[in-house]
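Scope of the values below: all heavy atoms of this structure, side chains included, with no hydrogens, waters or symmetry mates.
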Amino acid sequence: MKLAFAALLLVSLVLASSLHAMAGGLSPQPAPGLCDTKCGERCQKAREHDRCLKYCGICCQKCQCVPSGTYGNKLECPCYMDMKNSKGTAKCP
């Protein structure tokens, strides 16, 4: 009985880890144009408009969200807020 339980537990763990790995590989991509639209709104008042759009687009693709407004509100999107460049400063506008 103990052997059957141990085998069942092992099979369950293997299946669970397989499903977890498959789900991680299928991360949803934002709808086409969503990042362009959201970043256009976010960067509309930026002095460096093209640069803002570039980095906002990178962050949107990775984080699947863009904070509302033209500045701040990064708490709405923790991934966006936490992204850093190689110098350790904020990457996302």
Side-chain angles (χ1 to χ4, degrees):
M1 185 66 167
K2 288 184 181 181
L3 183 60
F5 179 73
L8 181 62
L9 182 61
L10 180 63
V11 169
S12 297
L13 288 173
V14 169
L15 285 174
S17 67
S18 297
L19 289 174
H20 180 69
M22 287 187 342
L26 299 175
S27 61
Q29 294 295 314
L34 175 73
C35 289
D36 293 340
T37 303
K38 293 284 190 178
C39 289
E41 294 170 9
R42 179 96 178 150
C43 296
Q44 68 184 356
K45 294 183 180 178
R47 186 175 359 149
E48 303 267 343
H49 187 73
D50 291 339
R51 182 175 177 216
C52 181
L53 288 173
K54 174 185 174 183
Y55 288 106
C56 180
I58 292 168
C59 296
C60 179
Q61 289 292 320
K62 181 170 174 79
C63 297
Q64 309 295 312
C65 62
V66 174
S68 62
T70 57
Y71 182 79
N73 302 320
K74 291 185 179 181
L75 290 175
E76 296 175 4
C77 186
C79 169
Y80 195 95
M81 179 179 61
D82 295 339
M83 287 185 73
K84 305 284 186 230
N85 64 20
S86 61
K87 296 177 184 174
T89 59
K91 181 176 187 174
C92 301

request  = Might you work through the disulfide (SG to SG under 2.5 Å) test for Cys63 and Cys77, ending with a clear yes or no?
outcome  = CA-CA 8 Å; Cys63 297; Cys77 186; 4.8 Å; no

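Side-chain contact between Glu76 and Cys65 is absent, with no heavy atoms from C-beta onward closer than 4.5 Å. Residues Tyr80 and Cys56 are in side-chain contact: their nearest non-hydrogen atoms beyond the backbone lie under 4.5 Å apart. You'll find the side chain of Val66 stays beyond 4.5 Å of the side chain of Glu41, heavy atoms only.
The other members of the hydrophobic cluster of Leu75, by chain and number, are Met81 (side-chain heavy atoms under 4.5 Å, ILVMFWY only).
Residue Arg42 holds its CZ atom at 11.0 Å from CD of Gln44, rounded to the nearest 0.5 Å. Atom CD1 of Ile58 and atom SG of Cys35 lie 11.0 Å apart (nearest 0.5 Å). Annotation: the span from Cys92 atom SG to Lys84 atom NZ amounts to 9.0 Å, rounded to 0.5 Å.
For Met83 against Cys59, the heavy-atom pair with the smallest separation is SD-SG, 3.9 Å.
Panel note: side chain Asn73, backbone Ser68; a donor-acceptor pair is recorded below 3.5 Å.
Counting heavy atoms of neighbouring residues, nucleotides and ligands inside a 6.0 Å radius, atom NZ of Lys38 does not exceed 12 of them.
Taken as a pair, Cys52 and Cys39 fail the criterion of an SG-SG distance shorter than 2.5 angstrom.
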